[in-house]
Novice: 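Structure provided below as structure tokens; questions to follow.
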Amino acid sequence: MSLTVLMNAGPWLSVPPPGYGGIENVVATLVPELRRLGVRVVLASVGSSTLPVDEKFSVFDDGQFAALQRPYNQVCGVSQAHLAGVVRQLHGRDDVDLVHDHVEAVGLATLAAMGPDAPPVLHTLHWDLAKHPELYGTLDGGARVRVNGVSAAQLARAPRALREHAVGHVHLATPLAVHADRAPRPVKGDHTVILGRINPGKGQDVGARLARRTGVPLVLAGPVGPYHRPADLAAAGDGARQNPDVRFFYDEVAPHVDGDLVRWVGTVAGRERDDLLAGARAALFPLRWEEPGGTAVVESLALGTPVVATARGCLPELVDHGRTGLLTDDEDELGELLLAARRLDPDECRREAAARFTPAVMAQRYVALYETVRAAARVP
Ligand code: UDP
């Protein structure tokens, strides 16, 4: 296949990300499979990205993640500088067949404004946009700009301007799903894990109270705002409380963290993350937001760990209730489900992941969408 895709991963973190990293994880999972299918990939990212690609360029040497904590106009300044770099590239060459854009509204609007000579754009939505219609406004760019969701539920909640440009959804994937059905069975401990950013939407406070009520040990893994290690957060002092996730952690979660029944281990990566998740009796998602894509959900299944969750956002699409996990609309029921999850078969989870959530499945689906987007752009 002779197709050149400019993959815009944005300026926030390197690809693959050093630990936590939603969009960057998706790009790192997708790109090697696209290249295996013969797609040429030009990566727009930061200089420290190490993902093998055919070509890459950057505006910033390193990830600008810390800038996300600054005032909104400075955040926009970073993403606009990055986008200006993308636009410069596109003006200087005619071999890019399509832009696969993962950056927020600023990026999409800029690309759309480039005029009819710019390549068509597929923009992947990564966020729950129901409460943020202002982020996109009216989508410019006519037939050249299309969007896809990471779940049907996410797309259904997106503002109308986006839904009108939608070409479908593609579930998230994980390299852990490759041959997951053939890997040795994990040895299970007694603990549960919540893997994700510490944030009210992810519900770590609900999980911590649940651990107290059920006596099932809980490990919380993930960053609190920009702080990846408990020692970094402690060293940051009171000023760190300006960050809403830090306030949430101190006010709602930390009172339950006793280092024994409930532990916060900070960001985990690589083998440490996989062992923690594979050894858990269940992966807990006591969500308070409509989870748009749930990478951590498919990772849990791939590692043979059943999912116990509130049935919000993409969860019912990813988890087969009664087979690969247990879902409920009622937060109070999560405790019983946690105890019942022990009866679920890890092999069912791994089989499901190997069939549905591999990078190859995701890449094939994106290649089909690229064709749809290019065909739409050709229609006058
Ligand atoms: N993650 C990680 N270490 C952590 C916490 C999270 O590697 O301590 C990874 C996690 O495995 C997943 C991603 O960060 O790949 C989070 O993506 P997800 O879609 O679950 O949540 P988001 O933060 O994008 O809403």
Side-chain angles (χ1 to χ4, degrees), residues 9-10 12-30 63 65 68 102-104 124-132 149-151 153-154 157 169-177 180 193-204 207 218-230 232-233 245 248-249 253 263-280 283-303 305 307 309-310 312-315 317-319 325 353 357-359 362:
W12 306 118
L13 291 166
S14 50
V15 184
Y20 168 77
I23 288 173
E24 297 77 10
N25 255 324
V26 174
V27 171
T29 301
L30 174 62
F65 193 69
L68 288 171
H102 298 266
V103 184
E104 73 294 347
T124 298
L125 306 173
H126 287 276
W127 205 245
D128 175 41
L129 291 158
K131 296 200 184 97
H132 302 283
V150 290
S151 68
Q154 178 208 31
R157 287 169 54 81
H169 68 271
V170 184
H171 286 143
L172 296 174
T174 169
L176 297 169
V193 175
I194 302 180
L195 178 72
R197 291 172 286 124
I198 312 281
N199 171 273
K202 302 275 183 186
Q204 281 89 353
L218 173 67
V219 180
L220 304 172
V224 175
Y227 305 102
H228 291 282
R229 295 182 310 144
D232 298 338
L233 180 61
D245 289 344
F248 166 69
F249 177 74
V253 184
R263 291 190 294 141
W264 174 50
V265 296
T267 298
V268 290
R271 189 65 195 268
E272 191 192 356
R273 181 196 66 176
D274 297 353
D275 288 348
L276 179 68
L277 211 48
L284 184 60
F285 296 86
L287 303 169
R288 274 210 214 84
W289 78 327
E290 305 302 323
E291 181 77 32
T295 309
V297 175
V298 299
E299 289 166 347
S300 304
L301 296 176
L303 289 165
T305 301
V307 169
T310 32
R312 301 189 71 156
C314 64
L315 268 292
E317 293 170 48
L318 304 182
V319 175
F357 305 127
T358 59
M362 176 166 74

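Read the numbers this way: they start at 1 and go in the same order the structure lists the ligands and their atoms. The first residue of the sequence shown is numbered 1, and numbering continues consecutively from there.
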Novice: Ignoring hydrogens and angles, tell me if any N or O in the side chain of Gln154 forms a donor-acceptor pair with the backbone of Leu125 under 3.5 Å.
Specialist: yes
Novice: Under 4.0 Å from ligand 1, counting heavy atoms only, is it the side chain of Thr174, its backbone, both or neither?
Specialist: neither
Novice: Take atom CZ of Arg197 as the centre, draw a 6.0 Å sphere, and report whether it contains more than 12 heavy atoms from other residues, nucleotides or ligands.
Specialist: yes
Novice: State if Ala269 counts as touching ligand 1 under the rule of any non-hydrogen atom under 4.0 Å.
Specialist: no
Novice: Quick check: Thr267 and ligand 1, any N/O pair under 3.5 Å apart?
Specialist: no
Novice: Keeping Trp289 on the side-chain end and Arg312 on the backbone end, is there a donor-acceptor pair under 3.5 Å?
Specialist: no
Novice: Indicate yes or no: does an N/O atom of Gly293 lie under 3.5 Å from an N/O atom of ligand 1?
Specialist: no
Novice: For atom 3 (N) of ligand 1, which of Thr295, Val268, Thr29 has the closest heavy atom?
Specialist: Val268
Novice: Which residue and non-hydrogen atom of the protein lie closest to atom 13 (C) of ligand 1, and at what distance in Å?
Specialist: Asn25 ND2, 3.8 Å
Novice: Can you measure from CG (Leu30) to NE2 (His102) and round to the nearest 0.5 angstrom?
Specialist: 6.0 Å
Novice: Below 30° counts as parallel, above 60° as perpendicular, anything between as tilted: where do the rings of Phe65 and His228 land?
Specialist: tilted
Novice: Look only at the side chain of Arg157 and the backbone of Ala130, and say whether a donor-acceptor pair between them is shorter than 3.5 Å.
Specialist: no
Novice: Sub-3.5 Å donor-acceptor pair from the side chain of Glu317 to the main-chain atoms of Ala153, do we have one?
Specialist: yes
Novice: Identify, by atom number and element, the atoms of ligand 1 in contact range of Gly222, meaning under 4.0 Å from any of its heavy atoms.
Specialist: 4 (C), 5 (C), 8 (O)
Novice: Quick check on contacts: which atoms of ligand 1 are under 4.0 angstrom from a heavy atom of Gly21?
Specialist: 14 (O)
Novice: Do Gln204 and Phe248 have side chains that get closer than 4.5 Å, going by heavy atoms?
Specialist: yes
Novice: So which protein heavy atom does atom 5 (C) of ligand 1 come closest to, and at what separation?
Specialist: Leu195 CD1, 3.6 Å
Novice: Between Ser151 (side chain only) and Gly293 (backbone N and O only), is there a donor and an acceptor less than 3.5 Å apart?
Specialist: no
Novice: Among all protein non-hydrogen atoms, which one is nearest to atom 11 (O) of ligand 1, and what is the separation to 0.1 Å?
Specialist: Glu299 OE1, 2.5 Å
Novice: Under 4.0 Å from a heavy atom of Ala221: give me the atoms of ligand 1 that qualify, with their elements.
Specialist: 8 (O)
Novice: Which protein heavy atom lies closest to atom 16 (C) of ligand 1, and at what distance to 0.1 Å?
Specialist: Tyr20 CE1, 3.8 Å
Novice: Which heavy atom of Ala280 sits nearest a heavy atom of Thr305, and at what distance?
Specialist: O-CG2, 3.6 Å
Novice: Between Lys202 and ligand 1, which residue portion shows a heavy-atom distance shorter than 4.0 Å: side chain, backbone, both, or neither?
Specialist: side chain
Novice: Mind checking whether Arg197 has an N or O less than 3.5 Å away from an N or O of ligand 1?
Specialist: yes
Novice: Of the protein's non-hydrogen atoms, which lies at the shortest distance from atom 20 (O) of ligand 1, and what is that distance?
Specialist: Ala296 N, 3.0 Å
